[in-house]
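Remarks on the structure that follows.
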Amino acid sequence: MQQISDITPLRELRREWQISGKTIAFVPTMGNLHQGHLHLVEQAKQHAEIVVVSIFVNPLQFGPDEDLAAYPRTLEQDKASLQALGVDVLFTPHADDIYSRGLEKQTYVEVPGLSYMICGASRPGHFRGVATIVCKLFNMVQPNMAFFGEKDFQQLQVIKAMVTDLSMNLQIFGVPTVRETDGLAMSSRNHYLTAEERLKAPAMYQVLQGLRESIQLGRRDFSVLVEQAKQVLKEADMKVDYIEIRSIETLLSPGHEETELVVLAAAFLGRTRLIDNIQISLNV
Ligand code: PAF
């Protein structure tokens, strides 16, 4: 595995791969890799001849009161995991190169609508930061395909919309969430949980499973279901940001005939913001 931090050698390598007709899969990350990320890499390997992984903690997607400085950085450990999986290139760009004209002057990409709702309402500017860095990384790596976890479901929809709207020439794959044995969705932010909080954290997925069961059994009083679910999370000491039942395609409130739904949830457990989601198909 080669580690590259500069854009010029990455582009040279990209040209060589193109000449030899190799397909390129890309997995963008912010590092502190867990099984969820490694599963994305495994999927990427199954689909393409070359796999590029990036590690870049993107300042543009953190709000002023968020955890940019504290975000876990574990480069040596991450490198060993990626090497073991047979990744071809680890791209670790420097923030000064990525945002060479400064964050304030940076041209940005914004997917309207999708970026402002749900998580976007709680984290203004977050999806603009995500879309901008992902667009820039796509321009640098020029992959044929890219892989993202479904745990960040809204992020995945924002990226798919960006790719469609800007006619980008690559395929986006969403990969199912990898969970701990007690159901907690894997996330780099789980490291922030104290031992006591860690025991309470699986309540979020349990609540989502309960909502799916109720909806599949025919309940349509969504607002009552959501209020009950919020109460359960409060009892597990979570400060609920949102629980939303939405159409899977548009992330808007579902119409009566809608059969493909997603329930999205975010809550603070102590200082840790947990997010998760569950998909519901009423056709099965
Ligand atoms: O999901 C993440 O880790 C980040 O949002 C991403 C897609 C790497 C962009 O910084």
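Whatever order the structure lists ligands and atoms in, that order sets their numbers, starting from 1.
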Between Ile159 and ligand 1, which residue portion shows a heavy-atom distance shorter than 4.0 Å: side chain, backbone, both, or neither?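 Contact part for Ile159 vs ligand 1: neither.
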
Please could you name the atoms of ligand 1 that Gln155 approaches to less than 4.0 Å, counting only its heavy atoms?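 So the atoms of ligand 1 that pass are 1 (O), 2 (C), 4 (C), 5 (O), 7 (C).
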
Proximal atoms of ligand 1 relative to Ile133 (non-hydrogen, under 4.0 Å):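 Near Ile133, the atoms of ligand 1 are 9 (C), 10 (O).
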
Taking Asp241 first and then Arg123, would you say they form a salt bridge - that is, a charged N and a carboxylate O separated by under 4.0 Å?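 Arg123 and Asp241: not salt-bridged.
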
Using every non-hydrogen atom in the two residues, find where Leu184 and Ala201 come nearest and quote the distance to one decimal.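 Smallest heavy-atom distance, with atoms named: CD1-CB, 3.8 Å.
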
Heavy-atom distance to atom 9 (C) of ligand 1: which of His126, Gln61, Lys136, Met30 wins?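 Selected option, by shortest heavy-atom distance: Gln61.
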
Who passes side chain to side chain contact (heavy atoms under 4.5 Å, CB included) against Ile7, sequence neighbours left out?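 Only Arg11, Phe91, Met140 meet the side chain to side chain contact (heavy atoms under 4.5 Å, CB included) criterion with Ile7.
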
Which residues pass the side chain to side chain contact (heavy atoms under 4.5 Å, CB included) test with Lys151, not counting sequence neighbours?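 Expected list: Thr177, Ala185, Ser187, Ile275.
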
